[in-house]
Amino acid sequence: MNMHNFLDGVLSARIAVDEYSVPWMRINSPAGPKSLDLTDRDSPEYLYELYLESTPGPESPKKQFLEEVNRRRLKAKFELPATQQSLRMAGTIERIEIDLGGEEEEVLIITSEGHAMGRPRQAFVRPLSMLPLPVPLEMDQDRLRGTWLRLQSFLRLSDHQMKLLTGVMLSAFLPLKEIPVCYIRGPEGAGKGVLTQAIKLFTDPNTSPYQPLYGGTLAIVEAMRQNRVVCIDNISSDTFSGRYSDLFAQLSTGTTINQPRKHGFRGSCGVSGSRLVVLNGIDDFVTRSDLLSRAIPIRLKGLSSGVLEEVNSVLPRLEQMQHQVFSSIVYLLRKVAARYSGTYVQTNSRMIGLVRAMAACEEELGWSRGAFQRALAEECDAARLDRVEEIPAIVAVRAMMEGRSSWTGTISELLTELRRYAGSSGGSNCLDLPRSPVSLGRVLGREKVALESVGIICDERRQASKRLRTLLRKDRLLSFSGDRMTG
(Lines give C-alpha, C1' and ligand atoms only; values in the text may rest on other atoms or scores of the structure.)
Protein backbone atom coordinates (compact mmCIF):
# COMPACT_ATOMS: atom_id res chain seq x y z
CA MET A 1 0.00 0.00 0.00
CA ASN A 2 1.23 3.46 -0.88
CA MET A 3 2.21 5.53 2.16
CA HIS A 4 -0.04 8.41 1.05
CA ASN A 5 -3.05 6.08 0.85
CA PHE A 6 -2.15 4.70 4.27
CA LEU A 7 -1.82 8.09 5.98
CA ASP A 8 -4.80 9.73 4.29
CA GLY A 9 -7.07 6.71 3.95
CA VAL A 10 -6.41 4.11 6.63
CA LEU A 11 -5.38 6.49 9.40
CA SER A 12 -7.40 9.50 8.18
CA ALA A 13 -4.44 11.61 9.32
CA ARG A 14 -5.24 15.25 10.00
CA ILE A 15 -2.76 17.81 11.35
CA ALA A 16 -3.51 20.85 13.48
CA VAL A 17 -1.21 23.25 15.31
CA ASP A 18 -2.08 24.19 18.88
CA GLU A 19 -1.45 27.46 20.71
CA TYR A 20 1.96 26.15 21.80
CA SER A 21 2.98 25.95 18.10
CA VAL A 22 3.09 22.15 18.39
CA PRO A 23 1.77 20.18 15.37
CA TRP A 24 -0.53 17.30 16.32
CA MET A 25 -1.55 14.52 13.95
CA ARG A 26 -5.01 13.08 14.61
CA ILE A 27 -5.20 9.42 13.51
CA ASN A 28 -7.59 6.49 13.74
CA SER A 29 -5.28 3.97 15.36
CA PRO A 30 -6.25 0.35 16.23
CA ALA A 31 -6.74 1.59 19.81
CA GLY A 32 -9.13 4.33 18.69
CA PRO A 33 -8.67 7.98 17.71
CA LYS A 34 -5.40 9.38 19.07
CA SER A 35 -3.40 12.59 18.78
CA LEU A 36 0.34 12.30 18.12
CA ASP A 37 2.73 15.08 19.05
CA LEU A 38 4.83 15.24 15.88
CA THR A 39 7.68 16.95 17.74
CA ASP A 40 8.14 13.68 19.64
CA ARG A 41 10.81 11.55 17.94
CA ASP A 42 8.84 8.37 18.62
CA SER A 43 5.69 9.54 16.82
CA PRO A 44 6.97 8.96 13.23
CA GLU A 45 8.41 5.60 14.33
CA TYR A 46 5.01 4.63 15.75
CA LEU A 47 3.32 5.61 12.47
CA TYR A 48 5.76 3.46 10.51
CA GLU A 49 5.05 0.47 12.77
CA LEU A 50 1.34 0.89 12.06
CA TYR A 51 2.19 1.04 8.36
CA LEU A 52 4.09 -2.25 8.56
CA GLU A 53 1.24 -3.95 10.43
CA SER A 54 -1.37 -2.89 7.88
CA THR A 55 0.74 -3.53 4.77
CA PRO A 56 2.32 -7.01 4.38
CA GLY A 57 4.56 -5.79 1.58
CA PRO A 58 5.15 -2.05 2.15
CA GLU A 59 5.76 -0.13 -1.04
CA SER A 60 7.59 2.75 0.67
CA PRO A 61 10.89 2.24 2.53
CA LYS A 62 11.25 3.54 6.07
CA LYS A 63 13.44 6.50 5.16
CA GLN A 64 10.97 7.72 2.54
CA PHE A 65 8.04 7.25 4.95
CA LEU A 66 9.70 9.23 7.75
CA GLU A 67 10.62 12.00 5.30
CA GLU A 68 6.97 12.27 4.25
CA VAL A 69 5.82 12.57 7.88
CA ASN A 70 8.48 15.22 8.51
CA ARG A 71 7.41 17.11 5.37
CA ARG A 72 3.83 17.24 6.60
CA ARG A 73 4.99 18.36 10.04
CA LEU A 74 7.03 21.24 8.61
CA LYS A 75 4.24 22.42 6.32
CA ALA A 76 1.79 22.38 9.24
CA LYS A 77 4.15 24.20 11.58
CA PHE A 78 4.82 27.09 9.22
CA GLU A 79 1.64 27.24 7.14
CA LEU A 80 -1.33 26.26 9.30
CA PRO A 81 -2.80 28.82 11.72
CA ALA A 82 -2.54 28.00 15.41
CA THR A 83 -5.86 26.83 16.85
CA GLN A 84 -6.81 26.00 20.41
CA GLN A 85 -6.89 22.26 21.03
CA SER A 86 -9.03 21.43 24.05
CA LEU A 87 -8.06 18.61 26.37
CA ARG A 88 -10.84 16.43 27.82
CA MET A 89 -13.38 19.29 28.33
CA ALA A 90 -14.71 22.30 26.40
CA GLY A 91 -17.88 24.31 25.92
CA THR A 92 -20.05 26.43 28.20
CA ILE A 93 -22.10 25.81 31.34
CA GLU A 94 -25.19 25.29 29.16
CA ARG A 95 -23.38 22.90 26.77
CA ILE A 96 -20.45 20.97 28.18
CA GLU A 97 -18.41 18.76 25.83
CA ILE A 98 -16.33 15.96 27.40
CA ASP A 99 -13.90 13.88 25.34
CA LEU A 100 -14.15 10.39 26.80
CA GLY A 101 -10.96 9.36 25.00
CA GLY A 102 -12.30 6.02 23.79
CA GLU A 103 -12.54 4.46 20.36
CA GLU A 104 -15.23 6.83 19.09
CA GLU A 105 -14.69 10.17 17.39
CA GLU A 106 -17.73 11.70 19.07
CA VAL A 107 -17.69 13.42 22.45
CA LEU A 108 -20.15 13.44 25.34
CA ILE A 109 -22.42 16.50 25.16
CA ILE A 110 -24.19 17.56 28.37
CA THR A 111 -27.09 20.01 28.32
CA SER A 112 -30.06 20.73 30.55
CA GLU A 113 -32.08 18.18 28.55
CA GLY A 114 -29.68 15.31 29.16
CA HIS A 115 -26.50 13.85 27.74
CA ALA A 116 -25.68 12.17 24.44
CA MET A 117 -22.75 11.42 22.15
CA GLY A 118 -22.31 13.88 19.28
CA ARG A 119 -19.92 15.79 17.07
CA PRO A 120 -17.84 18.37 18.98
CA ARG A 121 -17.86 22.06 18.21
CA GLN A 122 -14.32 22.38 19.60
CA ALA A 123 -11.18 20.58 18.40
CA PHE A 124 -9.86 18.10 20.96
CA VAL A 125 -6.40 16.64 21.41
CA ARG A 126 -5.79 13.16 22.81
CA PRO A 127 -2.30 12.53 24.18
CA LEU A 128 -1.17 8.91 24.07
CA SER A 129 -1.05 8.86 27.88
CA MET A 130 -4.79 9.64 28.13
CA LEU A 131 -6.98 6.78 29.35
CA PRO A 132 -10.68 6.57 28.46
CA LEU A 133 -13.61 7.52 30.65
CA PRO A 134 -16.69 5.23 30.49
CA VAL A 135 -19.84 6.12 28.59
CA PRO A 136 -22.14 7.31 31.41
CA LEU A 137 -25.15 5.35 32.57
CA GLU A 138 -28.61 6.78 33.09
CA MET A 139 -28.85 7.92 36.71
CA ASP A 140 -31.58 9.06 39.05
CA GLN A 141 -31.52 10.75 42.43
CA ASP A 142 -31.60 7.53 44.46
CA ARG A 143 -28.73 5.90 42.55
CA LEU A 144 -26.74 9.14 42.78
CA ARG A 145 -27.06 9.33 46.57
CA GLY A 146 -26.27 5.63 46.98
CA THR A 147 -23.10 5.98 44.88
CA TRP A 148 -22.01 9.02 46.86
CA LEU A 149 -22.53 7.26 50.22
CA ARG A 150 -20.46 4.26 49.06
CA LEU A 151 -17.68 6.52 47.80
CA GLN A 152 -17.64 8.44 51.09
CA SER A 153 -17.39 5.16 53.01
CA PHE A 154 -14.55 3.87 50.82
CA LEU A 155 -12.51 7.04 51.22
CA ARG A 156 -13.41 7.43 54.94
CA LEU A 157 -14.37 11.07 54.55
CA SER A 158 -16.54 13.18 56.82
CA ASP A 159 -19.67 14.88 55.49
CA HIS A 160 -17.75 18.17 55.21
CA GLN A 161 -14.90 16.52 53.32
CA MET A 162 -17.30 14.77 50.95
CA LYS A 163 -18.93 18.08 50.07
CA LEU A 164 -15.53 19.56 49.26
CA LEU A 165 -14.53 16.49 47.21
CA THR A 166 -17.74 16.85 45.17
CA GLY A 167 -16.83 20.45 44.37
CA VAL A 168 -13.33 19.40 43.33
CA MET A 169 -14.53 16.69 40.93
CA LEU A 170 -17.21 18.89 39.34
CA SER A 171 -14.73 21.74 38.84
CA ALA A 172 -12.71 19.46 36.53
CA PHE A 173 -15.56 19.62 33.99
CA LEU A 174 -16.98 23.10 34.58
CA PRO A 175 -15.84 25.85 32.17
CA LEU A 176 -15.32 28.40 34.95
CA LYS A 177 -12.97 31.36 35.03
CA GLU A 178 -11.85 30.46 38.57
CA ILE A 179 -10.47 26.91 38.77
CA PRO A 180 -9.73 25.97 42.40
CA VAL A 181 -6.54 24.38 43.68
CA CYS A 182 -7.32 21.28 45.72
CA TYR A 183 -5.02 21.23 48.76
CA ILE A 184 -4.94 17.86 50.59
CA ARG A 185 -3.02 17.76 53.85
CA GLY A 186 -2.65 15.06 56.47
CA PRO A 187 -0.17 12.94 58.45
CA GLU A 188 1.54 9.86 57.08
CA GLY A 189 -0.94 7.11 56.34
CA ALA A 190 -3.97 9.40 56.21
CA GLY A 191 -4.90 8.34 52.67
CA LYS A 192 -3.76 11.47 50.80
CA GLY A 193 -2.41 9.48 47.86
CA VAL A 194 -5.54 7.33 47.61
CA LEU A 195 -7.77 10.41 47.58
CA THR A 196 -5.58 12.09 44.94
CA GLN A 197 -5.67 8.99 42.73
CA ALA A 198 -9.45 8.75 43.17
CA ILE A 199 -9.88 12.33 41.91
CA LYS A 200 -7.64 11.58 38.93
CA LEU A 201 -9.37 8.26 38.16
CA PHE A 202 -12.87 9.74 38.15
CA THR A 203 -12.07 12.91 36.18
CA ASP A 204 -8.98 12.47 33.99
CA PRO A 205 -7.45 8.95 34.02
CA ASN A 206 -3.92 8.85 32.69
CA THR A 207 -1.07 6.36 32.51
CA SER A 208 1.03 8.81 34.58
CA PRO A 209 -1.29 10.15 37.32
CA TYR A 210 1.37 12.22 39.11
CA GLN A 211 3.55 15.07 37.87
CA PRO A 212 6.84 16.22 39.46
CA LEU A 213 7.03 19.65 41.05
CA TYR A 214 10.67 20.28 40.11
CA GLY A 215 11.43 21.81 36.73
CA GLY A 216 9.76 25.17 37.26
CA THR A 217 7.16 26.83 35.08
CA LEU A 218 8.04 24.95 31.89
CA ALA A 219 7.52 21.55 33.56
CA ILE A 220 4.08 22.64 34.83
CA VAL A 221 3.13 23.94 31.38
CA GLU A 222 4.16 20.59 29.88
CA ALA A 223 1.99 18.81 32.47
CA MET A 224 -0.92 21.05 31.46
CA ARG A 225 -0.47 19.95 27.84
CA GLN A 226 -0.87 16.30 28.81
CA ASN A 227 -3.43 16.44 31.65
CA ARG A 228 -6.76 18.07 32.38
CA VAL A 229 -6.20 17.39 36.09
CA VAL A 230 -2.60 17.98 37.24
CA CYS A 231 -1.76 16.00 40.40
CA ILE A 232 1.41 16.64 42.40
CA ASP A 233 2.19 14.23 45.24
CA ASN A 234 4.26 14.43 48.43
CA ILE A 235 4.89 18.17 48.59
CA SER A 236 6.79 19.59 51.56
CA SER A 237 7.20 23.11 52.81
CA ASP A 238 10.88 22.94 51.80
CA THR A 239 10.16 22.31 48.09
CA PHE A 240 6.98 24.40 47.77
CA SER A 241 8.50 27.86 47.65
CA GLY A 242 6.76 31.19 47.40
CA ARG A 243 7.40 31.13 43.65
CA TYR A 244 5.23 28.03 43.23
CA SER A 245 2.58 29.48 45.54
CA ASP A 246 2.31 32.60 43.39
CA LEU A 247 2.30 30.54 40.18
CA PHE A 248 -0.61 28.31 41.22
CA ALA A 249 -2.53 31.31 42.57
CA GLN A 250 -2.15 33.01 39.17
CA LEU A 251 -3.12 29.89 37.22
CA SER A 252 -6.23 29.42 39.36
CA THR A 253 -7.77 32.65 38.12
CA GLY A 254 -6.82 32.09 34.48
CA THR A 255 -3.66 34.17 34.18
CA THR A 256 -1.66 33.20 31.11
CA ILE A 257 2.04 32.38 31.07
CA ASN A 258 4.00 33.96 28.26
CA GLN A 259 6.82 31.71 27.13
CA PRO A 260 8.75 31.09 23.90
CA ARG A 261 6.94 28.77 21.54
CA LYS A 262 8.30 25.28 21.77
CA HIS A 263 9.04 24.98 18.06
CA GLY A 264 9.47 27.42 15.22
CA PHE A 265 10.14 31.15 15.21
CA ARG A 266 6.77 32.59 16.13
CA GLY A 267 7.55 34.68 19.19
CA SER A 268 5.83 33.81 22.46
CA CYS A 269 2.49 32.22 23.27
CA GLY A 270 0.07 32.70 26.13
CA VAL A 271 -0.58 29.46 27.99
CA SER A 272 -3.96 29.43 29.71
CA GLY A 273 -4.10 28.04 33.22
CA SER A 274 -7.49 26.34 32.90
CA ARG A 275 -6.53 23.16 34.71
CA LEU A 276 -7.58 21.66 38.02
CA VAL A 277 -4.49 21.25 40.22
CA VAL A 278 -4.44 18.74 43.10
CA LEU A 279 -1.63 19.10 45.66
CA ASN A 280 -1.03 16.84 48.65
CA GLY A 281 1.57 16.64 51.39
CA ILE A 282 2.19 16.23 55.11
CA ASP A 283 3.42 19.74 55.85
CA ASP A 284 1.34 22.89 55.86
CA PHE A 285 2.95 23.97 52.58
CA VAL A 286 0.20 26.42 51.54
CA THR A 287 1.33 29.35 53.69
CA ARG A 288 0.24 32.36 51.65
CA SER A 289 -3.25 33.77 51.90
CA ASP A 290 -3.51 34.55 48.17
CA LEU A 291 -3.26 30.84 47.28
CA LEU A 292 -5.34 29.71 50.25
CA SER A 293 -8.18 31.99 49.15
CA ARG A 294 -8.23 30.12 45.82
CA ALA A 295 -7.95 26.64 47.33
CA ILE A 296 -10.30 23.90 48.47
CA PRO A 297 -8.51 22.54 51.56
CA ILE A 298 -9.18 18.94 52.61
CA ARG A 299 -7.49 18.02 55.90
CA LEU A 300 -7.28 14.29 56.61
CA LYS A 301 -6.65 12.59 59.95
CA GLY A 302 -4.19 9.79 60.58
CA LEU A 303 -5.42 6.20 60.42
CA SER A 304 -4.41 3.18 62.47
CA SER A 305 -2.21 0.56 60.85
CA GLY A 306 -5.07 -1.93 60.53
CA VAL A 307 -7.21 0.61 58.75
CA LEU A 308 -4.27 1.64 56.57
CA GLU A 309 -4.03 -1.83 55.03
CA GLU A 310 -7.71 -1.69 54.15
CA VAL A 311 -7.32 1.75 52.56
CA ASN A 312 -4.39 0.53 50.44
CA SER A 313 -6.62 -2.23 49.07
CA VAL A 314 -9.41 0.17 48.13
CA LEU A 315 -7.91 1.29 44.78
CA PRO A 316 -9.19 -1.76 42.82
CA ARG A 317 -12.62 -1.17 44.34
CA LEU A 318 -12.46 2.47 43.28
CA GLU A 319 -11.71 1.33 39.73
CA GLN A 320 -14.84 -0.81 39.89
CA MET A 321 -16.79 2.27 41.01
CA GLN A 322 -15.46 4.49 38.22
CA HIS A 323 -18.45 3.91 35.94
CA GLN A 324 -21.01 4.73 38.65
CA VAL A 325 -19.10 7.75 39.98
CA PHE A 326 -18.51 9.30 36.56
CA SER A 327 -22.16 8.72 35.66
CA SER A 328 -23.11 10.53 38.88
CA ILE A 329 -20.83 13.45 37.96
CA VAL A 330 -22.53 13.70 34.55
CA TYR A 331 -25.94 13.65 36.24
CA LEU A 332 -24.90 16.56 38.49
CA LEU A 333 -23.50 18.47 35.52
CA ARG A 334 -26.90 18.16 33.83
CA LYS A 335 -28.54 19.77 36.86
CA VAL A 336 -25.93 22.55 36.87
CA ALA A 337 -26.57 23.22 33.16
CA ALA A 338 -30.31 23.48 33.84
CA ARG A 339 -30.22 25.62 37.00
CA TYR A 340 -27.01 27.66 36.91
CA SER A 341 -28.48 30.74 35.24
CA GLY A 342 -31.28 30.94 37.83
CA THR A 343 -29.08 30.38 40.91
CA TYR A 344 -27.69 33.34 42.84
CA VAL A 345 -25.32 33.37 45.81
CA GLN A 346 -23.75 35.99 48.06
CA THR A 347 -20.23 35.16 49.15
CA ASN A 348 -16.83 36.74 49.59
CA SER A 349 -15.11 33.62 48.26
CA ARG A 350 -13.01 33.94 45.10
CA MET A 351 -14.57 30.66 43.90
CA ILE A 352 -17.97 32.26 43.35
CA GLY A 353 -18.54 30.39 40.07
CA LEU A 354 -18.01 27.00 41.70
CA VAL A 355 -20.09 28.00 44.75
CA ARG A 356 -22.92 28.95 42.41
CA ALA A 357 -22.63 25.70 40.43
CA MET A 358 -22.67 23.62 43.62
CA ALA A 359 -25.71 25.51 44.89
CA ALA A 360 -27.50 24.51 41.68
CA CYS A 361 -27.12 20.76 42.32
CA GLU A 362 -27.11 20.44 46.14
CA GLU A 363 -30.78 19.45 46.21
CA GLU A 364 -30.02 16.27 44.22
CA LEU A 365 -27.52 15.17 46.87
CA GLY A 366 -29.91 15.77 49.75
CA TRP A 367 -27.85 18.62 51.20
CA SER A 368 -29.29 21.71 52.81
CA ARG A 369 -29.14 24.93 50.82
CA GLY A 370 -25.65 26.45 50.92
CA ALA A 371 -24.04 23.29 52.37
CA PHE A 372 -20.98 23.42 50.11
CA GLN A 373 -20.53 27.13 50.68
CA ARG A 374 -20.55 26.68 54.48
CA ALA A 375 -18.20 23.69 54.34
CA LEU A 376 -15.73 25.62 52.16
CA ALA A 377 -15.87 28.68 54.44
CA GLU A 378 -15.31 26.61 57.60
CA GLU A 379 -12.40 24.66 56.13
CA CYS A 380 -10.76 27.84 54.84
CA ASP A 381 -11.17 29.48 58.25
CA ALA A 382 -9.64 26.47 59.98
CA ALA A 383 -6.75 26.37 57.51
CA ARG A 384 -6.07 30.09 58.07
CA LEU A 385 -6.00 29.63 61.85
CA ASP A 386 -3.65 26.66 61.48
CA ARG A 387 -1.19 28.58 59.36
CA VAL A 388 -1.28 31.69 61.57
CA GLU A 389 0.87 29.86 64.11
CA GLU A 390 3.50 29.32 61.39
CA ILE A 391 4.05 33.05 60.71
CA PRO A 392 6.39 34.56 63.36
CA ALA A 393 5.35 38.15 62.64
CA ILE A 394 1.67 37.40 63.23
CA VAL A 395 2.43 35.38 66.38
CA ALA A 396 4.41 38.35 67.73
CA VAL A 397 1.64 40.81 66.78
CA ARG A 398 -0.91 38.70 68.65
CA ALA A 399 1.30 38.62 71.73
CA MET A 400 1.85 42.38 71.55
CA MET A 401 -1.89 43.10 71.21
CA GLU A 402 -2.86 41.02 74.25
CA GLY A 403 -4.52 43.44 76.65
CA ARG A 404 -4.52 46.27 74.09
CA SER A 405 -7.34 47.61 72.00
CA SER A 406 -5.11 49.52 69.55
CA TRP A 407 -1.54 50.52 68.70
CA THR A 408 -0.26 53.27 66.36
CA GLY A 409 3.25 53.97 65.14
CA THR A 410 5.66 53.69 62.22
CA ILE A 411 6.71 50.37 60.77
CA SER A 412 10.18 50.78 62.33
CA GLU A 413 8.63 51.36 65.76
CA LEU A 414 6.42 48.31 65.25
CA LEU A 415 9.41 46.10 64.43
CA THR A 416 11.19 47.30 67.57
CA GLU A 417 8.07 46.60 69.63
CA LEU A 418 7.62 43.13 68.16
CA ARG A 419 11.18 42.14 69.04
CA ARG A 420 10.32 42.77 72.69
CA TYR A 421 7.42 40.30 72.52
CA ALA A 422 8.99 37.70 70.24
CA GLY A 423 10.49 35.69 73.09
CA SER A 424 7.11 35.20 74.74
CA SER A 425 5.09 34.53 71.59
CA GLY A 426 4.74 30.77 71.64
CA GLY A 427 8.20 29.64 70.64
CA SER A 428 9.23 32.25 68.07
CA ASN A 429 12.10 34.62 68.70
CA CYS A 430 13.40 37.85 67.25
CA LEU A 431 15.57 35.94 64.74
CA ASP A 432 12.41 34.62 63.07
CA LEU A 433 11.00 38.10 62.51
CA PRO A 434 11.61 40.06 59.29
CA ARG A 435 15.01 41.73 59.49
CA SER A 436 13.99 45.13 58.15
CA PRO A 437 10.94 47.43 58.43
CA VAL A 438 10.40 47.12 54.68
CA SER A 439 10.22 43.30 54.92
CA LEU A 440 7.82 43.55 57.86
CA GLY A 441 5.59 45.90 55.87
CA ARG A 442 5.45 43.39 53.02
CA VAL A 443 4.51 40.56 55.39
CA LEU A 444 1.72 42.60 57.00
CA GLY A 445 0.38 43.61 53.60
CA ARG A 446 0.43 40.07 52.24
CA GLU A 447 -1.04 38.54 55.41
CA LYS A 448 -3.75 41.12 56.01
CA VAL A 449 -6.49 38.46 55.75
CA ALA A 450 -4.63 36.19 58.18
CA LEU A 451 -4.39 39.03 60.69
CA GLU A 452 -8.10 39.70 60.40
CA SER A 453 -8.83 36.01 60.98
CA VAL A 454 -7.26 36.28 64.46
CA GLY A 455 -9.12 39.47 65.29
CA ILE A 456 -6.57 42.18 64.34
CA ILE A 457 -7.10 44.87 61.71
CA CYS A 458 -4.01 46.53 60.23
CA ASP A 459 -4.56 50.00 58.75
CA GLU A 460 -2.06 52.31 57.07
CA ARG A 461 -2.24 56.09 56.72
CA ARG A 462 0.13 59.01 56.14
CA GLN A 463 0.50 61.82 58.67
CA ALA A 464 2.78 64.71 57.73
CA SER A 465 6.06 63.08 56.71
CA LYS A 466 5.37 59.79 58.49
CA ARG A 467 3.52 56.69 57.33
CA LEU A 468 1.71 55.26 60.35
CA ARG A 469 0.37 51.78 61.00
CA THR A 470 -2.61 51.26 63.26
CA LEU A 471 -3.47 47.86 64.76
CA LEU A 472 -7.00 47.38 66.09
CA ARG A 473 -8.47 44.45 68.01
CA LYS A 474 -11.75 42.95 66.86
CA ASP A 475 -14.23 41.22 69.12
CA ARG A 476 -15.10 38.64 66.46
CA LEU A 477 -12.39 36.24 65.31
CA LEU A 478 -13.59 34.99 61.94
CA SER A 479 -15.11 36.99 59.12
CA PHE A 480 -16.89 34.33 57.07
CA SER A 481 -20.16 34.11 59.00
CA GLY A 482 -21.51 36.85 56.75
CA ASP A 483 -21.75 34.42 53.81
CA ARG A 484 -25.35 33.80 52.88
CA MET A 485 -27.35 32.69 49.90
CA THR A 486 -30.34 34.20 48.13
CA GLY A 487 -32.49 33.30 45.20
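Values below: all heavy atoms of this structure, side chains included; hydrogens, waters and symmetry mates excluded.
The two residues Leu176 and Gly353 come nearest to each other via the heavy atoms CD1-C, 4.0 Å. Counting all heavy atoms, side chain and backbone alike, Ser35 lies closest to Arg26 at OG-NH1, 3.5 Å. The minimum heavy-atom distance between Cys231 and Pro209, with the atom names listed, is CB-O, 3.4 Å. Considering every non-hydrogen atom in both Gly101 and Pro132, the closest pair reads O-CB, 3.6 Å. The two atoms that bring Ser43 and Leu36 nearest to each other are OG-CB, 4.0 Å, heavy atoms only. Between Ile296 and Gly167 the shortest heavy-atom distance is CD1-C, 4.5 Å.
The backbone N or O of Gln141 lies less than 3.5 Å from no partner atom in the side chain of Glu364, so there is not a single donor-acceptor pair. Put simply, the side chain of Arg356 gets close to the backbone of Tyr340: a donor and an acceptor are under 3.5 Å apart. Using a distance-only test at 3.5 Å, with no hydrogens or angles considered, no donor-acceptor pair links the side chain of Arg73 to the main chain of Thr39. Remark: the backbone N or O of Gln346 is paired with a side-chain donor or acceptor of Gln373 at under 3.5 angstrom.
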| task | Evaluate the criterion salt bridge (charged side-chain N to carboxylate O under 4.0 Å, His left out) for residue pair Arg299 and Glu379; output intermediate values, then yes/no. | result | CA-CA 8 Å; Arg299 298 178 301 159; Glu379 287 300 318; 3.4 Å; yes
| Run the side-chain contact (heavy atoms from CB on, under 4.5 Å) check on Leu47 and Ile27 step by step: do they pass? | CA-CA 9 Å; Leu47 290 172; Ile27 64 170; 4.1 Å; yes
| field | Verdict with reasoning, Arg398 to Ile456, per side-chain contact (heavy atoms from CB on, under 4.5 Å) | value | CA-CA 8 Å; Arg398 293 182 67 186; Ile456 300 173; 4.1 Å; yes
| request: In sequence, state the C-alpha distance, the side-chain angles, and the governing distance for Leu108 and Val135, and then conclude on side-chain contact (heavy atoms from CB on, under 4.5 Å). | output: CA-CA 8 Å; Leu108 179 68; Val135 177; 5.9 Å; no
| field | Leu157 and Leu164: CA distance, side-chain angles, deciding distance, side-chain contact (heavy atoms from CB on, under 4.5 Å) verdict | value | CA-CA 10 Å; Leu157 300 178; Leu164 298 177; over 6 Å; no
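With a 4.5 Å cut-off on side-chain heavy atoms, Arg72 and Leu7 count as touching. Using a 4.5 Å heavy-atom threshold, the side chains of Met224 and Leu87 count as separate. Residues Phe202 and Leu151 meet the side-chain proximity criterion, which asks for heavy atoms closer than 4.5 Å. Val330 places none of its side-chain heavy atoms less than 4.5 Å from the side chain of Met139. Looking only at side-chain heavy atoms (C-beta outward), Asp40 and Tyr46 stay at 4.5 Å or farther from each other. Residues Leu376 and Leu354 form no side-chain contact, since every pair of their non-hydrogen atoms from C-beta on lies 4.5 Å or further apart. A 4.5 Å side-chain heavy-atom check between Glu363 and Arg339 finds at least one atom pair inside the cut-off. In this structure, the side chains of Cys361 and Leu170 come closer than 4.5 Å at one or more pairs of heavy atoms.
Here the CG-CD distance, from Asn206 to Gln211, works out to 7.0 Å after rounding to the nearest 0.5 Å. Of the inter-residue distances, the one linking Ile199 atom CD1 with Ile298 atom CD1 reads 5.5 Å to the nearest 0.5 angstrom. Taken to the nearest 0.5 Å, the NZ atom of Lys192 stands 9.5 Å off from the CD1 atom of Ile184. Rounding to the nearest 0.5 Å places CG of Asn280 at 6.0 Å from CG of Asn234. Expressed to the nearest 0.5 Å, how far OG1 of Thr111 lies from CG of Leu333 amounts to 11.5 Å. Residue Ser129 holds its OG atom at 6.0 Å from CG of Asn227, rounded to the nearest 0.5 Å.
Residues forming a side chain to side chain donor-acceptor pair (under 3.5 Å) with Arg374 (at least two apart in sequence, or on another chain): Ser368. With sequence neighbours excluded, no residue satisfies ring-ring contact (aromatic ring centres under 6.0 Å, His included) with Tyr331. For the ring-ring contact (aromatic ring centres under 6.0 Å, His included) test, no residue two or more places apart in sequence or in another chain qualifies with Phe124. With sequence neighbours excluded, no residue forms a side chain to side chain donor-acceptor pair (under 3.5 Å) with Arg143.
Salt bridge annotation for Arg294-Glu178: absent, with no cationic side-chain nitrogen under 4.0 angstrom from a carboxylate oxygen.
Listed by first then second residue, pairs satisfying salt bridge (Lys or Arg N to Asp or Glu O under 4.0 Å) with a partner in residues 158-171 number zero, not counting sequence neighbours. Sorted by first and then second residue, the salt bridge (Lys or Arg N to Asp or Glu O under 4.0 Å) pairs with a member in residues 108-131 read Asp99-Arg126; sequence neighbours excluded.
When each of Arg228, Arg88, Arg275 is paired with Asp204, the salt bridge (charged side-chain N to carboxylate O under 4.0 Å, His left out) condition holds for Arg88 and for no other.
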